[in-house]
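Read through the structure below, which is laid out as structure tokens, and then see the notes.
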Amino acid sequence: MSPPPIVNTVNLVRIYQDGGVPVPAVRGVDLKVEAGEFVAIMGPSGSGKSTLVHMLGGLDARTSGEIWLDGSRVDTLSESAWALLRRRKIGFVFQFFNLVANMTVADNVELPALLAGASPREARERREYLLGELGLADRADAAPAQLAGGEQQRVALARALANRPSLLLADEPTGNLDSRNTRDVLRLLGEVHRDGQTIILVTHDARVASLADRVVSLLDGQIVDDGAVGPVRRRPRASAGDVVELRS
Amino acid sequence: MRLSLLALLAKEPAHGYELKQALEQIFGRAYPSPNIGQIYVTLGRLEKDGLVKAVDVEQSNRPNKKVYYLTAKGREALDAWADEPTEGPRVRDEFFMKLVLAPMTGIADRTALINRQRRHYLALMRDLNELAERTDRGDRVALLLIEGAMLHLQADLDWLERCQEDLP
């Protein structure tokens with residue numbers, strides 16, 4: 001028997017109430033993500049992208065439908081059961097970083113691994129690797145408030161990965177980054193993905209989305225496209241420069 | 001290419017092959033390498049228009065080479081070029097025509113067109129990512145060119161989303 005998908009949603013619906021008026025944000029999403037897949041979710045603002053990943057992380061409750069993670073049904077879990085599940089299995093990168101203000105960068109990143117039962121040494125080595133990859137090795141002893149926005153966002157990514165979660169969820173993980181920092185984040189995402197990390201992220205950034213195995217496009221709370229980013233359909237390139245020339 | 005050759009000649013006189021090498025060295029692999037024939041044709045036209053002049057330089061054991069230099073008129077053309085703002089890129093109207101007209105004429109479905117176009121842009125972006133990865137970190141000119149291409153592509157994608165939202 002093949003292993004269950006990491007994520008499986010069945011007719012997932014989320015309707016908000018706005019002063020008694022129902023506002024559907026997600027309208028019947030069936031999404032299956034296998035272990036090791038990297039899925040980018042795109043779509044205009046208000047298309048339901050963030051609501052969808054928040055529900056997958058148990059940070060927002062579904063109105064109807066089912067969510068299965070790793071073969072277990074989770075949409076019926078209590079908040080405390082969700083908290084435990086997140087600690088064990090899910091890394092989450094928010095648009096706003098939610099770092100613990102009175103802990104150093106190093107402690108912020110090590111905490112999830114320690115909570116999940118890693119030894120202090122394992123937690124430290126993992127933290128050193130992640131901060132190094134993100135160009136933040138020399139910021140380990142700083143407090144989050146001393147960091148620029150882009151640095152905080154990279155720390156949040158390191159924290160989400162500290163635990164080697166079964167599932168990495170991210171909402172616009174490069175939203176506050178300049179292009180050089182985005183490159184570091186892209187490189188790290190590519191690296192952990194090659195090591196088997198399952199990733200689902202919401203992004204507007206085409207550089208991020210183009211790294212994914214699969215792009216899911218939402219419009220008005222529904223999936224309108226779901227497929228691989230294929231090869232470029234045109235004549236074989238004579239030189240690398242053709243890519244740029246085509247765009248100029 | 002006319003004006004980039006004039007600019008290089010404003011720095012110092014050069015022969016055709018040196019100009020080709022200079023362009024390659026400055027722009028790196030992010031820019032299509034110019035064809036030497038194209039460079040000689042362009043130099044010939046610049047000479048005819050009085051913007052450059054050539055002198056024959058003798059070489060031992062080899063045929064003479066032509067070294068080009070900028071004339072006063074060439075310098076004026078270069079100054080005028082530098083003083084003018086450069087035309088901005090325009091909206092890629094070919095896809096937009098398709099998008100607006102295809103459903104009216106029944107030849108294609110709008111959602112399918114948008115989805116195909118989005119995947120194509122993302123595939124182009126993937127190529128640019130790989131090109132950036134292969135480019136030497138110190139090659140600022142090439143990296144900026146790639147980044148410019150990426151930003152244009154991002155704008156095209158954002159606009160595609162707007163079309164998706166606002167066209168019924």
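Since we're looking at a predicted model, the values are computed, not measured. Chain identifiers are assigned alphabetically (A, B, ...) following the order of the sequence lines, protein sequences preceding nucleic acid strands; residue numbering begins at 1 within each chain.
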Tell me, for D205(A) versus chain B, whether the close heavy atoms (under 4.5 Å) come from the side chain, the backbone, both or neither. both
Using non-hydrogen atoms and a 4.5 Å limit, figure out which bit of V224(A) sits close to chain B: side chain, backbone, both or neither. both
Are D225(A) and R119(B) close enough that some pair of their side-chain heavy atoms sits under 4.5 Å apart? yes
Q154(B) side chain vs H204(A) backbone, donor-acceptor pair below 3.5 Å: yes
Toward chain A, the part of M150(B) with a non-hydrogen atom under 4.5 Å: side chain
Please flag which part of E147(B) lies under 4.5 Å from any non-hydrogen atom of chain A: side chain, backbone, both or neither. side chain
Kindly check if the number of other-residue, nucleotide or ligand heavy atoms within 6.0 Å of CD (Q17(A)) is above 12? yes
Looking at every non-hydrogen atom in both residues, tell me the closest pair between R126(B) and A212(A) and how far apart they are. NH2-O, 2.8 Å
Determine whether more than 12 heavy atoms belonging to other residues, nucleotides or ligands lie under 6.0 Å from atom CZ of R164(A). no
Contact origin within N115(B) toward chain A - heavy atom pairs under 4.5 Å: both
Against chain A, label R162(B) side chain, backbone, both or neither, depending on which of its atoms sit under 4.5 Å from a heavy atom there. neither
For L122(B) and A209(A), the nearest pair of non-hydrogen atoms, with its separation, is CD2-CB, 3.8 Å
Let's test your reading of the structure: which of G43(A), G227(A), P44(A) forms the most heavy-atom pairs below 4.5 Å with chain B? P44(A)
Please report the interatomic distance CD(E165(B)) to CG(L219(A)), rounded to the nearest 0.5 Å. 7.5 Å
So what's closer than 4.5 Å to chain B heavy atoms on A228(A): side chain, backbone, both or neither? backbone
Roughly how far, to the nearest 0.5 Å, is the CZ atom of R137(B) from the CZ atom of R183(A)? 4.0 Å
Could you check whether atom CD of E58(B) has more than 12 heavy atoms from other residues, nucleotides or ligands sitting under 6.0 Å from it? no
Would the number of heavy atoms belonging to other residues, nucleotides or ligands and lying under 6.0 Å from OH of Y17(B) be above 12? no
With only heavy atoms counted, which part of E130(B) is less than 4.5 Å from chain A, the side chain, the backbone, both or neither? neither
Can you tell me which portion of S45(A) sits under 4.5 Å from chain B's heavy atoms? Options are side chain, backbone, both or neither. backbone
Measure the spacing between CZ of R207(A) and CG of L151(B) and express it to the nearest 0.5 Å. 7.0 Å
